[in-house]
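For reference, positions follow the sequence shown, starting with 1.
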Amino acid sequence: MKLSTGNRIRLFAAAAALALGAVPAVGALAAQPVSFAHSITPFDETVQVVGKADPQAVVHFQIALPLRDYDGLVAGNHTGRTLAFSQLEQRHLPTKGDYGKVLNWLNKHGLSVDATTPSRLTIEASGPAATVSRLLGVQFAHVKSDGEDFVSAQTAPKVPAEIAGLVLSVNGLQPHVRAHPMSIIKPLSATAPAFWPQAFITGYSATGLGNGGAGTTTAIVIDTFPKTTDLTKFWTTTGVSQSLSNITFIQTVAGTLPAPSGEETMDVETSSGVAPNSKVRVYASRSLSFANLDTAYQRVITDIQGGTPITQVSISLGACETGVSAGERSTEDGFFATMNSLGATVFVSTGDSGSKECGNKKNVPSFPSTSPNVTAAGGTALHLNGSGVTTSETGWSGSGGGVSTAFATPSWQTGLGFAHRAVPDISADADPNTGALVVLKGKNQQIGGTSLSAPLLAGLTALVNSARATAGKGPVGELNHRIYGLPAANFRDITSGSNGGYSAAAGYDLVT
């Protein structure tokens, strides 16, 4: 029997509770808190422990609840089925009763409940470090990572047995663990000019498809917003008839947003340029901590539930898979499965470090591209002639790829011979030497990385979804079961290029 994520966590919690009990009395066993070791990761060499945490420092965290019948939800997604939110709520979202029990526990012990969500997948809470430490049994430390100071958990949280079986993970206790953008900026090249959106439309045989993406919406999750003046200059420069009225900016976490750095700008310009009649919603998380990103993902789900027809999601972010806690991975995987079920195709960049996302000698891929509920976007080097016709396309050396250590082989990859989930699923231009034109801070730049391939594929999928709507069909939704079932002749097979650990070859490979 294959266990769902929620059932695996429940069994883990039950086993832990039994292991902790020293006396075989039922009442004594029930009183033991359950350790959620999967909710944190050990500090690595990039983390410097400065000292003890300030007991009054405010700690923000999230309690995640598991989906009901995760396997059934994913199996339905793989048939192309989409659900109304009411159906999703009835069959798969946590129940109101279970959610209420966790809320009551938080309120009973004086923690601040900062946010709840219609999906009931998470509860955001906060409190002084001393209070959180006492209630969850966590030891906090003052640490430095990447030049910033954090209050982060050194030990795993413990959850009371009364609610442990309802909890998937306690996330956000280590805010120093962050994702990073996957873009590379370089000067404009005279020999290989930066591609305009029209070049991608021609290069990927999408000419005349889908009325420019009319009727579709792409959600972009990133830490900040692009400048509107950059967007309008880009559209004017490239002859794209897009409009700011089609762009919506949603700040999902309060506070001052960082200045644009290029990632957010490329994401919006590329996706909106490839599908000029589509809409784009930018969800700014303020920082790339996983807790903040989770808040943004939840807002995407909430907006779909509220009637916003989001058909594509583009995420040009990631981190070393083994550096992200198992609980966090399961939480985000559940978010993506939920988005799929509501009709959204989720694209995630695989990274710009080739096969070695963790920066060491081992081949380790990037999360969340390894989630089986996203389409992992790898990278190529695309070459076109003067007429916009593709002359060659090779695997890019930075294209993230490899085999997950965390996720089992999904059904649509069972014939490939890998022990676990393999990435990427599909690729597009990412080599900065054949990158996209991006207007950033008023200047023309050339930007690549798999941060380009994700919004590029999202834009192309907007064209597909628009064409499907014209034909009376629903959005693509979960994409992988569709593309893995297509004959090889439907693809431009990339057979050359290497990402360090693997080489492109005929058929499926771990580069493209």
What are the two closest non-hydrogen atoms of A164 and F36, and how far apart are they?
O-CZ, 3.6 Å
Let me know which of T218, T308, V268 forms a side chain to side chain contact (heavy atoms under 4.5 Å, CB included) with R281.
T308
In plain terms, say whether E162 and K101 are close enough for a salt bridge, that is, a side-chain N and a carboxylate O under 4.0 Å apart.
no
For a 4.5 angstrom cut-off between non-hydrogen side-chain atoms, does D69 reach L73?
no
Would you call L65 and R120 a side-chain contact if the rule is heavy atoms closer than 4.5 Å?
no
Do any N or O atoms from the side chain of D44 and from the backbone of G323 form a donor-acceptor pair under 3.5 angstrom?
no
Under 3.5 Å, side chain of Q251 to main-chain N/O of G255, donor-acceptor pair present?
yes
Taking side chain as C-beta onward, heavy atoms only, is H60 less than 4.5 Å from D114?
yes
Between D509 and T512 the two heavy atoms that sit nearest each other are OD1-N, 2.8 Å
How close do P368 and F336 get, heavy atom to heavy atom, and via which atoms?
CB-CE1, 3.6 Å
Does either side chain, that of Y70 or that of N373, offer a donor lying less than 3.5 Å from an acceptor on the other one?
yes
Report yes or no: do E321 and T370 form a side-chain donor-acceptor pair below 3.5 Å?
yes
Would you confirm whether S399, through its side chain, and G379, through its main-chain N or O, come within 3.5 Å as a donor-acceptor pair?
yes
Taking A377's backbone N and O only, do any of them form a donor-acceptor pair with T350's side chain (distance below 3.5 Å, no angle check)?
yes
Whether the D223 and S285 side chains hold a donor-acceptor pair (N or O, under 3.5 Å, no angle test) is what I'd like checked.
no
Pair N77-S341, side-chain donor/acceptor within less than 3.5 Å
no
Can you name the nearest heavy-atom pair linking S314 to A458, along with the distance?
CB-CB, 4.1 Å
Hey, does the side chain of T155 reach the backbone of Q139 with a donor-acceptor pair shorter than 3.5 angstrom?
yes
Heavy-atom nearest pair, V151 first then A53, reads CG1-CB, 3.8 Å
Flag the pair Q62 / I123 as yes when at least one side-chain heavy-atom distance between them is below 4.5 Å, and no otherwise.
no
Can you confirm whether the side chains of D429 and T380 place a donor and an acceptor under 3.5 Å from each other?
no
Does any part of the side chain of Q48, heavy atoms only, come nearer than 4.5 Å to the side chain of F43, both counted from C-beta?
no
Which residue in the set T311, N340, T82, T345 passes side chain to side chain contact (heavy atoms under 4.5 Å, CB included) when paired with V476?
T345
Applying side chain to side chain contact (heavy atoms under 4.5 Å, CB included), run through V282 and I250 and close with a yes or a no.
CA-CA 6 Å; V282 188; I250 303 104; over 6 Å; no
Criterion side chain to side chain contact (heavy atoms under 4.5 Å, CB included) on V132 and F61, from CA distance to verdict
CA-CA 9 Å; V132 178; F61 65 97; 4.1 Å; yes
Any donor-acceptor N/O pair, T409 side chain to Q413 backbone, under 3.5 Å:
no
Report the C-alpha distance between L67 and L121 in whole Å, list the side-chain angles of each, state the deciding distance to 0.1 Å, and finish with yes or no for side chain to side chain contact (heavy atoms under 4.5 Å, CB included).
CA-CA 7 Å; L67 288 161; L121 288 170; 3.8 Å; yes
Flag side-chain contact, heavy atom, 4.5 Å: F290 against N171:
no
Ignoring hydrogens and angles, state whether a donor on the side chain of D267 or T270 is under 3.5 Å from an acceptor on the partner side chain.
no
Under 3.5 Å donor-acceptor, N107 side chain and L103 backbone:
yes
Side chains of T322 and T405 in contact at under 4.5 Å (non-hydrogen atoms):
yes
Angle between ring planes, W412 versus H78, binned at 30° and 60°: parallel, tilted or perpendicular?
perpendicular
Ion pair check, R68 and E89, cut-off under 4.0 Å:
no
Cut-off 3.5 Å, side chains only: do S169 and S39 have a donor facing an acceptor?
yes
Stepwise side chain to side chain contact (heavy atoms under 4.5 Å, CB included) check, Y508 with F418:
CA-CA 11 Å; Y508 182 87; F418 299 110; 3.6 Å; yes
Between OG on residue S349 and CG on residue L317, distance to nearest 0.5 Å:
7.5 Å
Could you state the interatomic distance from CD1 (I304) to CE (M339), rounded to the nearest 0.5 Å?
6.5 Å
For K144, look at atom NZ and say whether over 12 heavy atoms of other residues, nucleotides or ligands are found less than 6.0 Å away.
yes
Does M182 offer a backbone N or O that forms a donor-acceptor pair with the side chain of S451 under 3.5 Å?
yes
Between CG of L136 and OG of S35, what distance do you get to the nearest 0.5 Å?
11.0 Å
Which of these passes side-chain hydrogen bond (donor to acceptor under 3.5 Å, both in side chains) with Y283: T248, T252, D303?
D303
Would E124 and T295 count as having a side-chain donor-acceptor pair, cut-off 3.5 Å?
yes
Consider only side-chain N and O atoms of H142 and D54, and report whether a donor and an acceptor are under 3.5 Å apart.
no
Is it true that D333 and R329 have a side-chain N and a carboxylate O under 4.0 angstrom from each other?
no
Can you see whether E357 engages H180 through a side-chain donor-acceptor pair at a distance of less than 3.5 angstrom?
yes
Just by distance, with hydrogens left out, do T375 and D425 show a side-chain donor and acceptor under 3.5 Å apart?
no
Starting at OG1 of T450, measure out to CD1 of I184 and round the result to the nearest 0.5 Å.
8.5 Å
Point-to-point distance, once rounded to the nearest 0.5 Å, from CG of N480 to OG of S411
9.5 Å
Got a donor-acceptor contact below 3.5 angstrom from the H420 side chain to the A408 backbone?
no
For the backbone of E328 and the side chain of S325, can you confirm whether one donor and one acceptor N or O come within less than 3.5 Å of each other?
yes
Measure the spacing between CG of L457 and OG of S427 and express it to the nearest 0.5 Å.
8.0 Å
For the residue pair V300 and V221, establish whether any side-chain heavy-atom pair is separated by less than 4.5 Å.
yes
Atom CG of N360 with >12 non-hydrogen neighbours under 6.0 angstrom
yes
Q298-T122 side chain donor-acceptor pair, cut-off 3.5 Å:
yes
Please report the shortest heavy-atom distance between V49 and Q154, naming the atom on each side.
CG2-NE2, 4.1 Å
